[in-house]
Amino acid sequence: MSFQSLAFLIFFPLTVLVYFSLPKRMQWLILLLAGMVFYAWAIPQYLPLILLIIAITYACGRLMDSGKRAMKPWAFSAAILIIILTLVAFKYSGFILENLNRLTGIREGRSQNVFLNLIIPLGLSYQSFMAISYLIEVSRGNIRAEKHPGIFALYLLFFPVILAGPIERPQHLIPQLHERHFPKPLNFTTGLRLMLWGFFKKLVVADNLAPVVDQVYANPAEQNGLTWMIATLLFSFQLYFDFSAYTHIAIGAARILGFRITENFNEPYRATSVTDFWRRWHISLSTWLRDYIFTPLSVRWRNAGRFGGFAALLLTFLLCGFWHEAGWAFIAWGGIHGLIMGVESFVLPVIHKKRKRKGKQASVWSLNTSMLLTFSMVMFSWVFFRSGSLELTMRVFSDIALTSVPAILDWSRGASVLGGLGRHSVFLLAVLALAIILVLLAERGINRPGIQAVFHRYAWLRWIIYFILFYSTIFLGNYGETVFIYARF
Amino acid sequence: MQDSKHFRRLALTGLGLILPLAVLLVYFAAADPMKCFRMYSNPLEKGVTMNDRIFQSRWLASHPFPYDAFILGSSRGKSFHTEPWKQYTGASCPFHMCVNDESIYGIARKLEYLEKEKYEIRHVLLLLDHRILGRPYNPEPHIFREYPAVSGESPAAFYQRFLIAFLKPSFLKAWVLHSTADVEDQVFFFSVDFRYNLFTGDHIYAEYESRLAEDEDLFYREQASVFYDRPASMQNLEPVITRETISELERIASLLDRNHSNYQVVITPNYDQLKMHPDDLEVLFSLFGRDRIHDFSGVNNYTQNIRHYYEERHFRPFIADSIMAQVYQRKP
């Protein structure tokens, strides 16, 4: 079930109503049933698969925590292996086979490769990471294995985070699942506000940007460097608004039910380095990668000094790219981020040290320059992400390198060089640009105490804003067949 | 106590927020501006453009006549009428099912619906072209979406499309202008006068026909701007048949064989004069048999003369009659 579907508009209020109406001891059961319905809505055949993963993870977790020390490594390895094999079977086998065929020269059409035609179970990557996180935490002794099978199943089937996270840690979510929740006005108002903001960002901004970007990327022959750059810039915002919208709806829905979910974004496009970007973008994934891949690897390779850290970073981000999607473009995207961060791990400490020695703070000018540079690097890396293939990515970059200047010169002479973008009116593009700026400003301002105080003091002002957001979403939202971008990973 | 007061206030302000939307929703349901809830006198009624599939499906559901022969295609097939077709096939009760912007998906689903509803599918005339074959999916726009009973889509999802279209500011503006100042927006409103035969489903371009009868030269002078220039030489289309299209075509072929239907497939003579790609034709030959495929696409006697068309999209009934005569090998 998708958040922006009519089914969710009925499902969610109904779940909230039943959840708070029935005795509190049954709350976990209501949420578990709701999670199953939510999960099975699109492809019910995959519900048994996720239930099997839940059962195996639960059983292995209990074995690991049973006190039988000899069992612990076996149970841990078996569970991790099964989870990874499931992920490989559904997500990576097609890609692996395709490349093996290419290497061995076997010719096989896409239609003959059954693995390429498998539909990936919804949210499998997220559930796998949550299950692995649970197993690692139990094996490290940071948490006890969950005894209640229903609560454990709910940890992996908590519907607000099923499709695209945030990747909740067991020590954060499981204790909340044990608690009894009461309807609280503050939770309702905060949750509804977050959901409204999420729907606005998704339907009004991200989904209205999508057709413009799609038009350009679907017609590469018509484009020049200028149109690629504009489309990629718009995609950078589309992706951010789409994913952060999902997160806000998820956090809002969970908040209404009485849960606090991890924030996944912190103004990522204000980052002053790529390292900083990953502290602000998809935080639940980057911290997962840091805790379970990067840190163990860099500890293991500590003898190699900074180069060990560099290698650990590179490997972590290659895996990060591969986690997103099975394709060389995504692996390259991850690799580029890893490389840049590796270089930053050498350069940034030197700059900081130098500044410290001189007793200077970074100037506004240097901060803004860093921000712009970081944003440019991140934006160009999204080309890999959006094109999905190395061939198209190369074409985009070569067009940008070779045709941007002539296109800008032609444009300045009044020639129409907008390619696929030209099918959309300049007015629409201007409105979208304005919407991007307004939303970014709003996200920046909303956390400032002064603005919060004004917002808190004047109810009429709040309601005017809610009214505008609500009716913009109704009237200006794009209600096509768009899905959340990250839900496909 | 404090909490319930807060919840009451939240509920009241929430109600205030959604009140304008609720009013619009009630109006949408009661006044039926998108013409999707009530049954109208014909599917091409003037005013807001209707989804003609709704009309057709509801007609079949509520009037169980013993139809045994069906003409399927897009609006370009509307010039094929059941009366002359009856003479060639011997069908006792034919029904014309061409709808606007038809897809191969829609044709397959309609035939499956007819079979499910136990109609005797004795004769079928399939009127195809590259646009129909290029769409093996249920069209997205609400006015071309297949009716739920035919497609199997949930009614909620189907009607949701009409609601979303109704709430678009561009439609609301057009609707308000229409209701207050009688101004008709060309995007949303349909203004050509048609005659529709409820029993046979035949369409007559009444307005065009009366203008043609009055003064044919004048008609074509007035229509001149819509007839764009075509390439001087024959242009082949790119192949449009995909794996999904083949799957739909296979379902159609096996259904027609299962029902022992007498059927013919016509590739219509479109004004664009684009020739169906040989690979696509081969697919059709292999699925339906070479003798059943009649390709009138490209440059030929039918497509060369602009007076064979009402406008750039629709050819006239005498062309359809002549094609039927050729197909059924009874040349006039």
Side-chain angles (χ1 to χ4, degrees), chain A residues 1-2 4-11 13 16-17 20 41-42 109-112 116-117 182-193 195-196 203-204 207-208 211 256 258 425 427-428 431 459-460 462-482, chain B residues 1-25 27-28 34 137-142 144-145 148 153-176 238 241-247 250:
Chain A
M1 190 183 298
S2 177
Q4 77 271 37
S5 66
L6 184 69
F8 184 75
L9 283 185
I10 298 163
F11 164 86
V16 173
L17 195 71
F20 285 122
W41 196 260
R110 282 186 81 86
S111 57
Q112 289 160 283
L116 274 181
N117 297 315
F182 298 88
K184 289 185 182 152
L186 184 63
N187 283 347
F188 270 70
T189 46
T190 313
L192 286 171
R193 194 157 51 209
M195 287 178 85
L196 177 59
L203 294 163
V204 180
D207 285 358
N208 280 315
I256 289 171
S425 69
F427 176 72
L428 173 78
V431 169
W460 60 267
R462 278 200 309 272
W463 284 97
I464 284 176
I465 293 170
Y466 296 155
F467 195 87
I468 292 169
L469 289 179
F470 183 72
Y471 283 100
S472 307
T473 309
I474 298 289
F475 294 125
L476 304 177
N478 181 357
Y479 292 87
E481 292 287 295
T482 51
Chain B
M1 190 63 193
Q2 193 69 9
D3 275 2
S4 65
K5 201 175 125 193
H6 274 117
F7 270 119
R8 216 168 25 243
R9 208 169 67 193
L10 182 67
L12 279 174
T13 38
L15 277 176
L17 181 71
I18 61 166
L19 190 65
L21 178 65
V23 170
L24 274 175
L25 291 182
Y27 181 76
F28 171 73
M34 307 305 283
Y137 47 80
N138 200 354
E140 291 295 331
H142 67 286
F144 305 135
R145 192 82 176 168
E153 184 181 27
S154 81
F158 178 74
Y159 291 108
Q160 186 188 350
R161 288 172 188 275
F162 290 84
L163 176 62
I164 289 167
F166 170 68
L167 292 174
K168 287 274 165 228
S170 47
F171 179 81
L172 285 174
K173 184 183 152 201
W175 181 249
V176 169
E238 289 294 308
I241 294 185
T242 60
R243 207 171 62 187
E244 289 77 20
T245 313
I246 292 174
S247 156
E250 282 172 346

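The structure presented is a predicted model; accordingly, all values stated were derived computationally and were not measured. Chain naming here is simple, since letters A, B, ... match the order of the sequence lines and numbering starts at 1 in each.
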query: Would you say B:Arg145's side chain and B:Asn138's backbone share a donor-acceptor pair under 3.5 angstrom?
result: yes

Side-chain polar contacts of residues 162-171 of chain B - donor-acceptor pairs under 3.5 angstrom, sequence neighbours left out - could you list them?
| from | atom 1 | to | atom 2 | distance (Å) |
| --- | --- | --- | --- | --- |
| B:Lys168 | NZ | A:Gly477 | O | 2.8 |

Give every donor-acceptor pair under 3.5 Å between a side-chain atom in residues 9-21 of chain B and any protein atom, sequence neighbours left out.
| from | atom 1 | to | atom 2 | distance (Å) |
| --- | --- | --- | --- | --- |
| B:Thr13 | OG1 | B:Arg9 | O | 2.7 |
| B:Thr13 | OG1 | B:Leu10 | O | 3.1 |

field: Pick from A:Pro183, A:Ala459, A:Ala7 with the largest number of heavy-atom pairs that fall under 4.5 Å of chain B
entry: A:Pro183

- prompt: Heavy-atom distance under 4.5 Å to chain B: side chain of A:Tyr471, backbone, both or neither?
  reply: side chain

- prompt: Is chain B contacted by the side chain of A:Phe475, its backbone, both, or neither, given a heavy-atom distance below 4.5 Å?
  reply: both

message: Taking the side chain as everything from C-beta on, heavy atoms only, tell me whether A:Tyr466 gets closer than 4.5 Å to A:Arg193.
response: yes

